Structures are given as structure tokens and as C-alpha cells.
2 protein chains.
Amino acid sequence: MLTKQELEEHWAQAEEIYLNHVSIDCVVFGFHEGQLKVLMLKSNNEEAWYLPGGFVLNEEPIEQAANRILKERTGIDEVFLRQFHVFGDPDRTKFHKETYKDNLFFNQRFISIGYYALVDFVDVKPMPDSFSEVCTWRDLNDLPEFQLDHENIFRTALDTLRLQLNYQPIGYSLMPQEFTMPELQKLYETILDKKLDRRNFQRRILGFGILNKLQQTRKGGAHKAPYLYSFNLENYRAALKEGLQGGW
Amino acid sequence: MLTKQELEEHWAQAEEIYLNHVSIDCVVFGFHEGQLKVLMLKSNNEEAWYLPGGFVLNEEPIEQAANRILKERTGIDEVFLRQFHVFGDPDRTKFHKETYKDNLFFNQRFISIGYYALVDFVDVKPMPDSFSEVCTWRDLNDLPEFQLDHENIFRTALDTLRLQLNYQPIGYSLMPQEFTMPELQKLYETILDKKLDRRNFQRRILGFGILNKLQQTRKGGAHKAPYLYSFNLENYRAALKEGLQGGW
DNA sequence: AAAATAGGGTGTAATTTGTACACAATTGTA
DNA sequence: TACAATTGTGTACAAATTACACCCTATTTT
């Protein structure tokens with residue numbers, strides 16, 4: 001975390017090394033203890049939180065930039081990361097323009113490319129950026145105030161995720177390697193914010209053919225030990241490409 | 001259509017009025033005589049065709065820019081126009097960078113926001129831009145060579161359109177006000193490039209509740225006169241928002 | 001140690017939806 | 001007036017979805 005003075009020096013060169021007018025914001029979803037989480041940051045100047053973001057290096061492909069930004073905040077790489085929308089309102093960074101009036105780089109309009117990521121909660125080591133003192137998971141049921149248009153970005157990402165659930169498999173990136181059927185169901189219920197019938201859920205998800213049933217069960221629980229499953233990566237990838245079912 | 005010399009003068013001010021590094025490309029789909037069409041342009045310097053595109057004015061929202069660009073090439077406004085992907089490879093405009101080496105504006109990297117539009121073929125009056133001598137519809141079965149990465153942009157738009165068909169209604173923007181069931185089916189078959197059973201198609205599409213059956217029939221054909229339909233805009237809009245069915 | 005409790009595994013009947021068909025009706029043309 | 005081509009509508013069958021019930025097992029309670 002740097003002071004405003006230091007920040008300005010730090011970012012003085014930004015105009016030279018980053019592509020002007022273009023930024024990237026990432027909505028990073030994780031799942032832990034039956035709750036859906038988003039990775040967020042907070043500067044100590046303001047009470048408002050914001051999403052992990054950054055800029056595109058002059059000669060860097062944007063997908064690579066998104067990956068780099070994600071890695072800088074989480075330590076992880078090669079996860080599900082996908083464009084979902086571009087936010088291009090000229091006033092979306094009005095607050096920053098005013099706050100950093102004398103900074104050449106921040107005092108410009110930014111078109112922000114929104115990416116959403118699905119990651120395994122336990123793999124992430126949240127790391128603040130140069131604006132922030134805190135980088136941490138926030139529960140979807142307990143969200144803070146957002147900076148700029150980041151609430152809109154977040155909300156759009158969540159809508160996209162819910163839509164994706166209907167025609168593509170989900171879970172590989174969000175779940176640990178091995179998991180039980182009730183755990184996977186809980187993920188779906190949490191994303192959709194809706195209860196599902198466990199028997200029908202199981203039949204349907206097994207019908208997609210994207211799961212491997214393992215011999216072991218999850219011991220240590222207070223009740224009957226449930227079977228463990230893992231994803232069948234080959235079928236999972238195929239389903240991501242082809243879509244699940246439905247349609248014409 | 002301007003000469004290279006004139007073009008450079010014409011675009012000398014571009015750096016001042018347009019947001020640098022950001023461009024917009026539109027894939028405009030139309031439907032005519034049972035064929036799916038894309039609007040394309042051709043300059044006479046090169047044999048390669050390209051998609052309608054343009055830039056974002058300094059203080060212009062990007063949605064508005066896309067609408068403006070579409071209107072400049074087609075004369076129409078307020079149609080189905082939607083972001084589908086951002087193309088951000090640093091080499092995607094390599095050819096232009098080399099061709100317009102001495103032009104400050106074109107000799108820069110562009111991140112292009114892809115929009116696709118669904119329009120009523122007969123409403124469009126194709127108008128060339130300052131680079132082109134020709135602006136016209138091209139049949140999807142008879143596509144020319146593309147400039148830059150425009151084949152990729154087009155292909156991605158088509159994939160998106162096909163996906164959209166599965167969870168959202170389509171047709172309102174592509175069909176005339178009144179149309180017959182076989183005509184609408186033909187649209188679906190053309191987009192999907194696949195035959196559908198007409199009886200099942202009719203039952204399904206009627207099931208969505210987005211059509212009004214009219215009393216009149218389409219006279220003048222060589223056979224039994226089919227009924228005319230129009231879209232029920234209220235239900236259509238609701239279905240666009242909610243999605244059609246399926247899912248959890 | 002036995003009973004109670006809380007989940008978890010699996011099956012089945014009823015309903016809805018999807019698929020594959022066939023036949024009658026209408027229009028212009030031979 | 002018969003014919004060809006196309007549209008309108010119906011129906012039997014298969015598949016998928018929904019709404020349930022019953023049993024099993026590991027821990028907790030008594």
C-alpha cells in the first residue's frame with residue numbers, strides 16, 4: 001500500500017508501458033463452506049471496495065493480461081477465465097478522474113474488459129495491489145459498497161455465471177479435486193440461490209457424463225459417508241465446447 | 001472512396017477526436033430469400049473484404065458508437081445490437097500498421113469490440129465508408145476473403161448467434177413484420193444449417209408464446225395459403241430477458 | 001449398548017416434453 | 001377436373017422431468 005504521492009510516482013511511467021484507455025477488471029468467484037465468494041480489494045483512503053483489475057501491456061494479448069492480473073492477486077494461473085462484457089460508459093471512472101486529476105495516466109477514459117474467473121478457494125493467496133491495504137474474499141451475502149461501476153460489473157458477471165450454468169458444465173474450477181454429490185449440489189444451489197431436489201440433481205448431473213464416481217467415501221462426517229467424485233476432464237471439456245443439451 | 005493520400009488527410013485528425021486503441025467491428029446479419037447474409041465492404045486497393053467498423057468518439061458511450069457505426073453503413077437504428085467478444089491480439093491489425101506506417105492513427109494497436117446485429121434485410125441501404133468502394137450483402141454460402149482477423153470475428157459472431165438460438169427467442173429483428181411459419185422455420189434452419197421437422201418446430205415455437213397468429217393468410221403462393229404471424233413484442237421481450245426454458 | 005438422529009444411496013409412478021410419423025385441406029396449374 | 005405441392009393438424013410412442021418413499025450407515029444421545 002502506497003501513499004498518494006508514491007502512487008503517482010509509481011504510475012508516472014504507466015502511460016508509456018500500458019495501452020492507454022483500456023483496462024481489465026476481474027470478477028473472481030470462489031466457493032467455501034457452502035458460500036459463494038468474490039475476491040475484492042479495499043484502499044484505506046476510501047470505504048469502498050473494488051474488483052481486481054489492471055492494464056494491458058503495450059504488446060500483450062488481452063487474455064494474457066487478464067491471466068497476469070489474476071495471477072498477481074491470487075497466485076494462481078491456468079484457471080477458468082472468460083470475457084463476459086465490456087464496460088464503456090465515458091463516466092464510469094469519473095471518480096478516479098477527479099481524484100487523480102494531476103496524474104496523466106488515471107486522468108483518462110478507460111474502456112474496461114470484464115473477465116470472470118472460477119477458482120478453487122483454497123488455492124488462492126489473496127495479495128493486495130499498490131492501491132490497496134486489503135485483498136480478501138467477500139461473501140456474496142455480505143457485500144460491501146463498491147467503487148466506480150464495480151457493482152454493475154460484479155452483477156453482470158453473476159448473471160453470466162447463472163446463465164452459463166444452464167448450458168455448460170460448471171464446477172471443475174470451483175470444486176476441489178475430489179468432492180461429494182451433496183457438496184456439488186450445494187455449489188449449484190448457492191449460485192442459483194435456489195433449493196434443488198437431491199435425487200433429481202444427482203440423476204441429471206450424472207446424466208451429463210462428466211463425473212467419475214470414486215470407490216472411496218468421505219469419512220469423518222457425522223453421518224453416512226458419501227461417495228467421492230471427481231470430474232472426467234475429457235468429457236467435461238467436450239461439454240464445455242458442445243454445450244450440455246437442449247436447443248434445436 | 002478516397003485515395004490513400006486523401007485518406008491520410010481525412011484521418012489526420014482522428015487521433016484527436018477518437019479514443020485511441022479502441023475500435024468497433026459489427027457483424028450485421030440479414031435474411032433474404034431463404035439465405036443468411038452478412039454486410040461487408042471492399043476497398044479497391046485490396047481484394048479482401050471487411051466488416052463494418054469504426055471508432056469511439058472521445059466522450060461517446062461504446063453502445064452509442066456501435067449504433068452510430070451501424071447507422072452510417074445501413075441507415076437503420078434501434079435494432080438488435082449486442083456485444084459478443086473483444087478481439088485483443090496485438091498483431092490483429094499488423095497489416096494495417098504496415099500499410100499505413102506513416103499515419104499516426106492507424107499505426108497503433110487496436111482492441112476491437114465485436115458487436116453483432118440482427119436486422120431486417122429490406123430496411124438496410126448499404127453505404128460504403130471512406131475506405132471502400134463497395135458495401136453490400138454477402139451470402140454466408142459464398143463468402144469472400146476477409147481482411148485482418150475479420151474472418152475470426154465473423155465466425156465468433158455466428159457461433160454466438162447459434163448459441164443464442166438455444167436460450168433466447170430470435171427472429172423479431174430479422175423477419176418482416178408479418179411472416180409465415182415456414183418462413184420463420186427457414187430462418188432457424190438457415191442459421192443452424194440443419195433441417196427441422198415442421199410440425200415439431202411449430203409446436204415448440206408456439207409453445208414459447210411469443211407469436212400472434214393473424215387471421216390473414218399469405219395469398220399468391222402456388223399452394224395452400226399459410227397463415228401469417230407477428231411477434232408478440234411483450235412476451236418476446238420477456239423471453240429475451242428470462243431465457244426460454246431449460247436449465248435448473 | 002441400544003435408541004435416536006441426521007444425512008446419504010437408490011428406486012418408481014405420474015407427468016410432461018420431445019420425436020416420428022400420417023392424413024386431410026387448400027391453392028394454382030396441367 | 002385431376003394433379004402436384006405445400007400447409008394445417010393430430011396421434012402414438014419414447015424419453016426426460018418431477019415428485020415422491022424407503023432403506024442404509026455413522027455418529028450422538030440416553
Side-chain angles (χ1 to χ4, degrees), chain A residues 33-35 165-169 171 175-176 178-190 192 194-230 235 239 242-248, chain B residues 33-34 165-169 171 175-176 178-190 192 194-230 239 242-248:
Chain A
E33 292 178 347
Q35 298 291 337
L165 218 57
N166 289 329
Y167 61 91
Q168 288 195 325
M175 300 295 286
E178 299 183 347
F179 51 88
T180 67
M181 193 58 75
E183 285 165 358
L184 184 61
Q185 183 180 339
K186 183 76 185 156
L187 171 66
Y188 273 74
E189 291 182 338
T190 307
L192 294 167
K194 173 159 101 179
K195 283 259 163 246
L196 302 172
D197 182 281
R198 69 193 172 86
R199 292 151 288 193
N200 296 335
F201 175 81
Q202 169 151 337
R203 187 187 355 249
R204 186 155 175 196
I205 203 104
L206 286 177
F208 295 153
I210 55 171
L211 294 184
N212 297 322
K213 185 173 187 173
L214 307 179
Q215 291 308 309
Q216 311 104 280
T217 53
R218 162 96 75 231
K219 313 266 180 177
H223 310 289
K224 178 169 182 179
Y227 283 101
L228 287 170
Y229 292 83
S230 67
N235 292 0
E242 304 300 322
L244 282 176
Q245 85 275 68
W248 300 91
Chain B
E33 293 179 345
L165 219 56
N166 289 329
Y167 61 93
Q168 288 195 325
M175 300 293 287
E178 300 183 346
F179 50 89
T180 67
M181 193 58 76
E183 284 165 358
L184 184 60
Q185 182 180 340
K186 183 75 186 157
L187 171 67
Y188 273 75
E189 291 183 336
T190 307
L192 295 167
K194 172 158 103 177
K195 282 258 163 244
L196 302 172
D197 182 282
R198 72 194 171 86
R199 291 151 288 193
N200 296 335
F201 175 82
Q202 168 151 340
R203 188 189 352 251
R204 185 155 176 196
I205 204 105
L206 286 177
F208 295 153
I210 55 171
L211 294 184
N212 297 321
K213 185 172 185 172
L214 308 180
Q215 290 309 308
Q216 311 104 279
T217 53
R218 164 94 77 231
K219 314 266 180 177
H223 310 290
K224 177 169 182 176
Y227 282 101
L228 286 170
Y229 292 84
S230 66
E242 304 301 321
L244 283 175
Q245 87 274 69
W248 301 89

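Values in this document were obtained by computation on a predicted structure and should not be read as measured data. Residue numbers start from 1 in every chain, and the chains themselves are labelled A, B, ... in the order their sequence lines are given, proteins ahead of strands.
- Residue A:W248 contributes atom CH2, which lies 14 Å from atom C1' of C:dT19 at whole-angstrom precision.
- Residues A:F179 and A:L187 fail the side-chain proximity criterion, which asks for heavy atoms closer than 4.5 Å.
- Here the C1' atom of nucleotide C:dG9 and the CZ atom of A:F201 are 15 Å apart, to the nearest Å.
- Between A:K224 and B:P226, the residue anchored closer to the 5' end of DNA chain D is B:P226, taking for each the nucleotide with the nearest heavy atom.
- For D:dT9, the OP1/OP2 oxygens have a side-chain nitrogen or oxygen of B:K213 closer than 4.0 Å.
- Rounded to a whole Å, the OH atom of A:Y229 is 12 Å from the P atom of C:dG8.
- To the nearest angstrom, P of C:dG9 lies 11 Å from CD of A:Q185.
- Rounded to an integer number of Å, the gap from NZ of A:K219 to C1' of C:dG8 is 14 Å.
- A donor-acceptor contact under 3.5 Å is formed by the side chain of A:H223 with the base of C:dA6.
- Between A:Y229 and A:M181 there is a side-chain heavy-atom pair separated by less than 4.5 Å.
- B:R203 comes within contact range of at least one nucleobase, with a heavy-atom separation under 4.0 Å.
- Panel note: side chain A:Q185, backbone A:Q202; no donor-acceptor pair is recorded below 3.5 Å.
- Each of C:dC21, D:dT27, C:dT19 was ranked by its minimum atom distance to the side chain of A:A222; first place goes to D:dT27.
- Nearest-nucleotide assignment on DNA chain D puts the 5′-proximal partner with B:Y227, out of B:Y227 and A:D197.
- Residues A:Y167 and A:L244 are not in side-chain contact: their nearest non-hydrogen atoms beyond the backbone lie 4.5 Å or more apart.
- A straight line from CG of A:L184 to P of C:dG8 spans 13 Å, rounded to a whole angstrom.
- Note: CZ (B:F208) to C1' (C:dG18) measures 12 Å, nearest angstrom.
- Comparing atom distances between the A:P182 side chain and each of C:dG28, C:dT19, C:dG8 picks out C:dG8 as nearest.
- With hydrogens and angles ignored, a donor-acceptor pair closer than 3.5 Å exists between the side chain of B:R198 and the base of D:dG8.
- The distance from atom CG of A:N200 to atom P of C:dA14 is 16 Å, rounded to the nearest whole Å.
- In terms of polar N and O atoms assigned as donor or acceptor, the side chain of B:R199 never comes within less than 3.5 Å of the base of C:dG18 in a complementary pairing.
- In terms of modelled atom types and a separation under 3.5 Å, the side chain of A:W248 and the main chain of B:L192 share no donor-acceptor contact.
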